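To start, the structure under review is shown below, and the notes come after it.
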There are 2 protein chains.
Amino acid sequence: MENINIKQLAKALNLSTSTVSRAFRDNSDISKETKERILAKAKEFNYQPNHYASNLREQRSKTIAVIVPELANNFFSQAIHGIEKIARDKGYHILIYATDDVFEKEVSFIRHLHNGRADGIIMSVSGEANDHTYLNELTQKRLPLVFFDRVYEDIITPRVITNDYDSSFSATQHLIKQGCKHIAYLVINKNLSIGKFRMQGYIDALQKYNIPYDDRYVVDCTNSYTKNNAILKRMLTELKPDGVFTSVERLAFATYYACYDLNISVPEQLKVIGFSSLEIAPLLNPSLTTITQPATKIGTEAANLLFRMLENPESVDPNEKIVLNSKLIKRRSTEKG
Amino acid sequence: MENINIKQLAKALNLSTSTVSRAFRDNSDISKETKERILAKAKEFNYQPNHYASNLREQRSKTIAVIVPELANNFFSQAIHGIEKIARDKGYHILIYATDDVFEKEVSFIRHLHNGRADGIIMSVSGEANDHTYLNELTQKRLPLVFFDRVYEDIITPRVITNDYDSSFSATQHLIKQGCKHIAYLVINKNLSIGKFRMQGYIDALQKYNIPYDDRYVVDCTNSYTKNNAILKRMLTELKPDGVFTSVERLAFATYYACYDLNISVPEQLKVIGFSSLEIAPLLNPSLTTITQPATKIGTEAANLLFRMLENPESVDPNEKIVLNSKLIKRRSTEKG
DNA sequence: TTGTATGCGTTATCAG
DNA sequence: CTGATAACGCATACAA
């Protein structure tokens with residue numbers, strides 16, 4: 001790939017490399033004429049300043065890293081879309097990392113990013129983590145870091161989240177008002193922040209309406225479709241809940257599949273509500289009542305926050321927390337019989 | 001941020017920088033002891049070789065760029081997931097770019113990638129392009145490039161696609177066998193390769209079954225939901241087709257919405273089939289008959305192809321074309337009345 | 001096996 | 001306004 005470099009371009013123009021370099025930096029003094037002459041020649045030669053040399057020199061990469069548990073997921077792809085928009089406007093590039101919810105990958109990604117590759121990190125944490133001290137170890141020279149949606153409570157860094165507790169409370173309340181008395185809560189990781197907050201909303205709503213809390217109705221699920229299907233079928237037959245509240249989208253789908261298999265009719269026999277970013281929730285059979293997070297907005301807010309940190313670190317309080325509201329959208333899956 | 005560098009580490013160990021450097025490169029000679037001592041200290045200091053310096057020195061970035069029309073799309077997020085898996089195994093990083101189907105962005109991304117930032121590119125092209133010569137201009141020092149799914153016919157570079165023509169033929173045939181006589185074909189860009197091939201399959205299937213081709217039934221749609229809704233409603237009321245074949249997922253959803261609005265019952269009055277990577281197609285109302293592309297596999301194949309090019313450019317024929325088969329999955333949306 | 005010296009392509013500093 | 005030069009952090013050729 002014998003790429004042309006600044007020296008060759010300078011030679012071709014009978015100029016020094018410094019002058020050529022200046023043509024590409026907006027601030028430096030340079031005569032309009034020379035600049036134009038240089039840029040024209042550069043275009044002709046298809047010259048692009050080498051990015052690695054610039055970055056090495058300037059000590060910054062104009063690149064941010066985005067770490068998410070999974071890519072093939074509506075919520076995350078929408079969030080990334082939001083991040084992408086902002087980053088593009090700022091002229092930043094985006095590196096993508098998927099942890100597959102494997103904590104070790106997360107640690108490895110983060111560690112390896114601390115080599116100048118990225119100027120900052122936007123992350124939604126893996127579900128499996130218990131010990132996050134690895135992030136604290138990096139604390140002194142840690143890259144600017146913004147959490148979104150799935151966060152570690154014990155790490156102090158700015159974050160963008162949604163009003164999970166309130167949404168869960170509303171969701172549960174909605175089921176209760178629709179007549180449910182035995183409401184199951186489906187969760188993948190109870191210990192993860194969102195699992196915890198969402199569960200608390202569920203519990204408190206039950207209490208408010210004097211429905212006894214029974215921990216058999218809190219169902220631990222997995223990321224495996226087949227396992228979930230088995231777990232849910234057993235739960236549905238044994239406990240016969242009349243309402244299901246799922247803390248993540250995937251579990252709402254799993255519930256639908258299980259109900260199809262068991263010939264349980266939704267919403268007549270079982271009402272279903274779930275957190276979900278699915279744009280075609282109205283097209284489901286039956287259309288799914290959702291708590292919809294502003295996924296794209298979460299992405300743009302997280303990106304804006306990170307850029308504020310990059311531009312002026314002092315301007316951002318490490319405890320800053322942006323809370324966006326999710327929306328409860330009622331559809332047929334929770335309609336009264 | 002004052003990141004530790006190789007010099008400081010060397011000093012702390014009373015070694016030269018070259019020795020330290022060697023500890024991180026597997027090939028060079030270095031005593032096991034020293035190496036271990038160095039790596040231990042490196043860990044203690046949390047030292048990572050600066051990526052930009054390495055890349056500048058080695059003239060490669062261990063990074064690939066992925067350019068897609070959109071991120072919030074099942075097909076592309078699954079494909080990216082596939083690419084990610086392979087790249088991760090190879091120790092490569094991934095830069096993501098979304099063109100939003102704007103050709104200028106695509107050109108700009110590609111151009112800017114030719115500055116060393118990436119070693120290769122995997123791209124699904126924007127729909128709006130007519131003049132692709134910009135790619136040919138780069139031809140001599142062009143980065144290794146692999147197309148997937150949406151390709152430019154006039155650019156010679158390896159590609160991973162699906163059997164679009166056959167799939168479309170089968171899809172149309174399936175509608176015909178289910179009794180449809182007036183089949184609409186919904187497309188976003190007729191000129192784009194996949195739009196074209198898929199359309200030819202549709203046309204040929206009609207012909208085989210002696211159904212006259214009527215170009216009013218080929219409906220040009222857009223990426224805007226509201227516009228599509230209007231277009232489809234008009235089409236459905238004016239032409240009253242009994243079958244709809246959509247060349248992209250989004251248009252199947254749009255058809256469903258339009259049918260809901262117009263009280264057209266699927267599949268009784270109208271049968272619907274579409275290209276789609278939606279994993280929950282069985283949960284739609286009615287469940288959607290799909291031509292499902294192996295999206296993740298497309299991603300892994302494209303990545304493998306690119307890595308073959310990177311490892312040994314000669315081993316890959318520029319005309320190489322990997323064709324994967326999509327699957328026609330029959331569901332209720334095309335069942336006989 | 002280890003150390004020394006050089007250059008990767010840029011940009012900032014300084015001098016002219 | 002332009003040119004010479006040093007430095008960014010690392011990896012290699014060469015020397016020891």
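Everything numeric here is computed off the predicted structure, so don't read it as measured data. Chain letters run A, B, ... following the sequence lines, proteins first and then strands; every chain starts at 1.
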What is the separation between atom [atom1] on [X] and atom [atom2] on [N], rounded to the nearest whole Å?
X        : N      : atom1 : atom2 : result
B:Arg57  : D:dA13 : CZ    : P     : 8 Å
A:Asn115 : D:dA11 : CG    : C1'   : 16 Å
A:Phe24  : C:dA12 : CZ    : C1'   : 17 Å
B:Asn50  : D:dC8  : CG    : P     : 12 Å
A:Glu58  : C:dA12 : CD    : C1'   : 10 Å
A:Ile6   : C:dT11 : CD1   : C1'   : 8 Å
A:Tyr52  : C:dT11 : OH    : C1'   : 18 Å
B:Lys11  : C:dT4  : NZ    : P     : 13 Å

Can a side chain N or O of B:Gln59 be found less than 4.0 Å away from OP1 or OP2 on D:dA11? no

Taking atom NZ of A:Lys105 as the centre, does the number of heavy atoms from other residues, nucleotides or ligands within less than 6.0 Å exceed 12? yes

Is it the case that the side chain of B:Asp100 and the backbone of B:Val102 share a donor-acceptor pair, with hydrogens and angles ignored and the cut-off at 3.5 Å? no

Just by modelled atom types, is the B:Asn73 backbone N or O under 3.5 Å from a matching donor or acceptor in the B:Ser77 side chain? yes

Using a 4.0 Å heavy-atom cut-off across all strands, classify B:Ser21 as base, sugar-phosphate, or nothing. base

Enter the distance from [X]:[atom1] to [Y]:[atom2] here, rounded to the nearest 0.5 Å.
X        : Y        : atom1 : atom2 : answer
B:Lys32  : B:Ile30  : NZ    : CD1   : 12.5 Å
A:Gln293 : A:Ile161 : CD    : CD1   : 10.5 Å
A:Tyr152 : A:Thr157 : OH    : OG1   : 13.0 Å
B:Leu305 : B:Ser315 : CG    : OG    : 9.0 Å

Can you tabulate the close N/O pairs, meaning under 3.5 Å, that link protein atoms to atoms of nucleotides 1-3 of chain D?
residue : atom : partner : partner atom : Å
D:dT2   : OP1  : A:Thr34 : OG1          : 3.0
D:dT2   : OP2  : A:Ser31 : N            : 3.2
D:dT2   : OP2  : A:Thr34 : OG1          : 3.1
D:dG3   : OP2  : A:Ser16 : N            : 3.1
D:dG3   : OP2  : A:Ser16 : OG           : 3.2
D:dG3   : OP2  : A:Thr19 : OG1          : 2.4
D:dG3   : N7   : A:Arg22 : NH2          : 2.6
D:dG3   : O6   : A:Arg22 : NH1          : 3.2
D:dG3   : O6   : A:Arg22 : NH2          : 3.2

Measure from the side chain of A:Asn5, starting at C-beta and using heavy atoms only, and say which of D:dC10, D:dC8, C:dG9 lies closest. C:dG9

